[in-house]
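These notes are about the structure you will find just below.
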Amino acid sequence: MRESRSVEHRSAVTESPPTMGAYLHAARRKRRIGMERAAEETRIRQDYLMRMESDEFDFLAPAYVRGFLKTYARFLRVDPDPLLEEFDRRFGGRIDTSQIVALERHGKRNSPRERRPASSWTVAAVIAAAFLLILGVVGLVSGDDTPEREPRLTEAEESPSPSPEPSLSPEPTASAPPVIAVEDGIELEIVATQDCWTMVSTDGGEPTTQTILAGDSMTFSAEEEIFVRLGFPEGVELLLNGESIGSPGGVDPINLTFPDDVDQLL
């Protein structure tokens, strides 16, 4: 009787469900994928993948780790929902996104700076208009056709064959950057030229994480502000309210807040 209970106990121990890290590790080994290749194709740092496979999920804010976990599970072709449910159970479920967005703005930017007032767009428009007005006045003055009376020269002072003075061509002027109006709201379109992991929050709401595949695009709308984290900035082109603002460039993840950060991309 005692021997039977001992066998049942050993069987229960061996059939206990694997941890999240062990499940990910087994799925990667089953597909015969090395850690270096997994990091390259998911755009997730190799040490982050190793920590998740070792059941260490507290190396970053829960919102980021949850996004990494979902992306990694889909890459390994396993259902991410059970893993996400277990993650939420262990780390408190709903995430305080306002705190994460605040940390990203003030503590984790590559070069912290003060928030620009909304009136800076009006000031830029006034400066551009004044610049164009000055160019117009200069053009009117230089285009005056009224000849000036030259002083009369004596025969001794007159030169037999005066050489004409060379004409100077005006230097080209730099065009002013486009003024993007945001008074009626913000619309950000992310066009992926390569696969890129993203996390987007509109007007301080709950962020959404998604990998945009090459050739696809996503559009996000907000009344005042859009926060976006790009895992592979070099692989996307950005359009704000229909105006192209180019690609941030680089291969390291970056954080951008619109409309505040639009001038650093123009």
Any side-chain heavy-atom pair of I212 and I190 under 4.5 Å: yes
Could you give the distance from CZ (R90) to CG (D55), rounded to the nearest 0.5 Å? 6.0 Å
Is the Lys NZ or Arg CZ of R31 less than 6.0 Å from the centre of F75's six-membered ring, within 45° of the axis? yes
Are M199 and F232 in one and the same hydrophobic cluster, where Ile, Leu, Val, Met, Phe, Trp and Tyr link if side-chain heavy atoms are under 4.5 Å apart? no
In short, I186 meets P259 closest at the heavy-atom pair CD1-CD, 3.5 Å
Check: D203 side chain, A222 main-chain N or O, donor-acceptor pair, under 3.5 Å: no
How long is the span from the CD1 atom in I226 to the CG atom in L188, to the nearest 0.5 Å? 5.0 Å
Quick check: does any side chain N or O of N241 sit under 3.5 Å from a backbone N or O of G185, one acting as donor and the other as acceptor? yes
Contacts of type side-chain contact (heavy atoms from CB on, under 4.5 Å), residue E40, not counting sequence neighbours: none
Spacing of CG belonging to D47 relative to CE belonging to M52, to within rounding of 0.5 Å: 10.0 Å
Output the distance between atom CZ (R29) and atom CG (L76), rounded to the nearest 0.5 Å. 13.0 Å
Quick one, L256 and F227 - any side-chain contact, counting heavy atoms below 4.5 Å? no
Rounded to the nearest 0.5 Å, how far apart are OG1 of T202 and CD of E224? 11.5 Å
With sequence neighbours left out, the residues meeting side-chain contact (heavy atoms from CB on, under 4.5 Å) with P233 are L230, P248, I254
Hydrophobic clustering (ILVMFWY, side-chain heavy atoms < 4.5 Å, transitive) - are V251 and L49 grouped together? no
Working note: V236 + V191, criterion side chain to side chain contact (heavy atoms under 4.5 Å, CB included); need CA distance, chi angles, decisive distance, verdict. CA-CA 5 Å; V236 300; V191 181; over 6 Å; no
Cationic tip of R66 above F87 ring, under 6.0 Å, 45° of axis: no
Scanning both residues in full, the closest heavy-atom pair of A214 with Q194 reads CB-CA, 3.7 Å
Any residue meeting ring pair (Phe, Tyr, Trp, His ring centres under 6.0 Å) with F68, in chain and number order, not counting sequence neighbours: Y48, W197
Which atoms form the tightest heavy-atom contact between L24 and E53, and what is the distance? O-OE2, 4.0 Å
If you count every heavy atom of other residues, nucleotides or ligands that lies below 6.0 Å from D184 atom CG, does the total exceed 12? no
Using side-chain contact (heavy atoms from CB on, under 4.5 Å) as the criterion, list what pairs up with Q210, not counting sequence neighbours. T198, M218
Distance (rounded to the nearest 0.5 Å) between M50 CE and Q46 CD: 6.5 Å
Does the side chain of I245 reach to within under 4.5 Å of the side chain of L239, using non-hydrogen atoms? no
Same cluster for V228 and L213 if Ile/Leu/Val/Met/Phe/Trp/Tyr side chains link at under 4.5 Å? no
So do the side chains of Y72 and R28 get within less than 4.5 Å of each other, counting heavy atoms only? yes
Any sub-3.5 Å donor-acceptor pair from T257's side-chain atoms to D260's backbone N or O? no
In the structure I gave you, are the side-chain heavy atoms of V200 and P207 within less than 4.5 Å of one another anywhere? no
Does any part of the side chain of P253, heavy atoms only, come nearer than 4.5 Å to the side chain of R229, both counted from C-beta? yes
Those residues that, when tested against T193, pass side-chain contact (heavy atoms from CB on, under 4.5 Å) (two or more places apart): E237
Derivation and outcome, side chain to side chain contact (heavy atoms under 4.5 Å, CB included), residues T219 and E187: CA-CA 7 Å; T219 302; E187 182 178 88; 3.5 Å; yes
Not counting sequence neighbours, which residues clear salt bridge (Lys or Arg N to Asp or Glu O under 4.0 Å) with R37? List them please. E41
Closer than 3.5 angstrom, by distance alone: can the side chain of T211 be matched with the main-chain N or O of C196 as a donor-acceptor pair? no
T209 to G67 - nearest heavy-atom pair and separation: OG1-CA, 3.9 Å
